Asker: 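Quick one: the structure is below, questions incoming.
FYI, side chains are in, hydrogens and waters are out, and symmetry mates aren't considered; it's all heavy atoms of this structure. Because the structure is predicted, anything quoted here is derived from the model rather than measured. Just follow the structure's listing: the first ligand is 1, and inside any ligand the first atom is 1.
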Amino acid sequence: MDKLHISGGIRLSGEVRASGAKNASLPILAAGLLADTPLTIGNVPHLHDVTTMIELLGRMGVGVTVGEGMHVEVNGGRLTTPIAPYELVKTMRASILVLGPLLARHGEALVSLPGGCAIGERPVNLHITGLEAMGAEIGVESGYIHAKAGRLKGARIVLDTVTVTGTENLMMAATLAEGRTVIENAAREPEVVDLAGCLNAMGAAVSGAGTDTIVIDGRERLGGCEYDVLPDRIETGTFLVAGAITGGRVRVRSTRPDHLDAVLAKLREAGATVETGPDWASVDMHGKRPVAVDIRTAPYPGFPTDMQAQFAALDSVADGVATIVETIFENRFMHMLELRRLGAELRIEGHTAVIQGVPRLSGAPVMATDLRASASLVLAGLVAEGVTDVQRIYHIDRGYECIEAKLRQLGASIRRIPGART
Ligand code: UD1
């Protein structure tokens, strides 16, 4: 298994480009199942999760062509086998995003039930009850969700909890349902808005995306279109924290700073000078040590759970004591124990971590446990004295495009050691 070998202590400086958003690319690829003509998607990041979704679509008989610059064409007109097998779903929970489109378009879907995962239980009950409200019959057989429906019927669905992929699944299913669907307590994440933009370009009638009430008027059919995925706000935030944690100065271009309000506010609170333009954001820490910042994760536009681990790394070298409260997932503190191996002083009480910043961390071998946890360990490695080897980095390849090349562009000493034993 590959590992990342980091020599810490270099102040980062320079500019990187944000890639397209993983969490928008995955539902938009799945939306290709809804159309009977090809959907061409641009700005798709080159990531393992994207490859998994492409493979999943291919197994269903859907034609997928990957062109230059990761333009992906999905030809849903050729769908033959509405099955998402266990061996793919187990590697990527977001595979559940094919359930709604398959059911709406094909009338039947067999999707492996995602199991538990490293960051918690992560059920899909709201996806299922929402589709049932639209007239689907759903059972679980041999570990698979088996869903059947004639044409789905519009319904009013009130989500118990704000769920991002749940909102996306139901929104996609509703585009081909008969009549109007109203999703209440919908997720407001920019990726939901991006998916709605793509669906509308395909001929759907979705309004209200970005608010907590989304209204979808079902159509008889959808066609393909050309659509560019929005920039990745979590990748952007991660590079800005890389600048801040090393006392450096980093600018991220081709991004959307307006999707990062909560993150930028915390970087300012940590003592960084933050500047933004229409499509860029920068931090300058002027060589200073960050000030500790409290974090409480919340659905968008609150502070994203996908940035919690990166701020834990920042707080572990900050001046002061920080409290981090994780409200979205029940087991998302695995990185904290690894940060301790680098010398972080922290304690965990349930969903809260209390971090006493220390002036310096010292490099050590650490193990990545999930995607954002690995980003946190890389950030800590950038500032730790000496060498940090981050093992099991296949997690980071799921969600960060060429992370080591981009960090090197900013002056970091980081390289991938292929095939090293862990
Ligand atoms: C998405 C993102 C992930 C991010 C998360 C929260 C994608 C591909 N992934 O994941 O990066 O960390 O949003 O912003 O976009 N829940 C239920 N029942 C359900 C569905 C969810 O109880 O049927 C709960 C979950 O256990 C969790 C909360 O709702 O506590 C939010 O989860 P959800 O928004 O669904 O996360 P994902 O869509 O899986």
Side-chain angles (χ1 to χ4, degrees), residues 20-31 44-45 47-50 52-53 56 89 91-100 111 113-133 138 140 145 157-173 183 185-196 212 229-230 232-235 237-238 259-260 262-263 295-310 325-335 351 370-376 395-396 398-400:
K22 168 178 92 70
N23 287 353
S25 301
L26 298 176
I28 289 175
L29 284 162
V44 179
L47 300 172
H48 272 190
D49 275 7
V50 165
T52 304
M53 183 59 87
L56 189 58
V89 177
T91 65
M92 184 183 71
R93 300 181 49 83
S95 307
I96 191 74
L97 284 164
V98 299
L99 178 63
V111 177
L113 201 56
C117 74
I119 64 173
E121 192 188 349
R122 293 184 94 171
V124 290
N125 57 312
L126 300 173
H127 302 233
I128 291 175
T129 50
L131 291 170
E132 283 173 341
I138 303 185
V140 175
I145 302 168
I157 299 164
V158 183
L159 294 171
D160 270 1
T161 307
V162 178
T163 158
V164 177
T165 50
T167 301
E168 292 166 344
N169 231 337
L170 298 175
M171 189 165 81
M172 288 191 279
I183 306 173
N185 199 26
R188 293 182 282 166
E189 268 67 3
E191 294 75 19
V192 173
V193 180
D194 209 34
L195 172 63
D212 58 10
V229 171
L230 91 173
D232 198 310
R233 63 194 165 98
I234 305 301
E235 188 206 25
T238 303
H259 293 161
L260 279 153
V263 170
I295 300 289
R296 185 182 184 85
T297 63
Y300 190 84
F303 188 92
T305 173
D306 286 351
M307 284 298 301
Q308 177 257 104
Q310 298 86 321
V325 185
E326 173 57 60
T327 73
I328 310 287
F329 293 114
E330 69 270 24
N331 190 22
R332 209 173 196 181
F333 280 158
M334 308 280 272
H335 49 282
H351 291 225
D370 68 62
L371 171 54
R372 307 303 169 187
S374 20
S376 150
H395 291 291
I396 215 164
R398 287 187 38 221
Y400 288 90

Asker: Examine Ala94 against ligand 1 and note whether any of their N/O atoms are separated by less than 3.5 Å.
Answerer: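 No; the residue has no nitrogen or oxygen that sits under 3.5 Å from a nitrogen or oxygen of the ligand.
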Asker: Less than 4.0 Å between a side-chain N and a carboxylate O, is that true for Arg332 and Asp306?
Answerer: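 The answer is yes: the pair qualifies as a salt bridge.
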Asker: Considering Gly166, Ala298, Pro123 one by one, which has a heavy atom nearer to atom 20 (C) of ligand 1 than any of the others?
Answerer: Pro123
Asker: If you take the nearest heavy atom of each of Asp306, Leu97, Val164, which one is closest to atom 12 (O) of ligand 1?
Answerer: Asp306
Asker: Pick whichever of Thr165, Leu371, Val192 has a heavy atom sitting closest to atom 38 (O) of ligand 1.
Answerer: Thr165
Asker: Show the numbers, then the answer: is there a side-chain contact (heavy atoms from CB on, under 4.5 Å) between Thr163 and His127?
Answerer: CA-CA 9 Å; Thr163 158; His127 302 233; 4.0 Å; yes
Asker: Any heavy atom of Val162 closer to ligand 1 than 4.0 angstrom?
Answerer: yes
Asker: Find out whether Pro27 and Thr165 are in side-chain contact, i.e. whether some heavy atom of one side chain is under 4.5 Å from a heavy atom of the other.
Answerer: no
Asker: For Ala187, check side chain to side chain contact (heavy atoms under 4.5 Å, CB included) against everything at least two apart and list the hits.
Answerer: Val162, Val164, Thr167, Glu189, Val192
Asker: Using salt bridge (charged side-chain N to carboxylate O under 4.0 Å, His left out) as the criterion, list what pairs up with Glu191, not counting sequence neighbours.
Answerer: Arg233
Asker: Does ligand 1 have an atom under 4.0 Å from some heavy atom of Gln308?
Answerer: no
Asker: For Glu191 and ligand 1, answer yes if some heavy atom of the residue is under 4.0 Å from a ligand atom, otherwise no.
Answerer: no
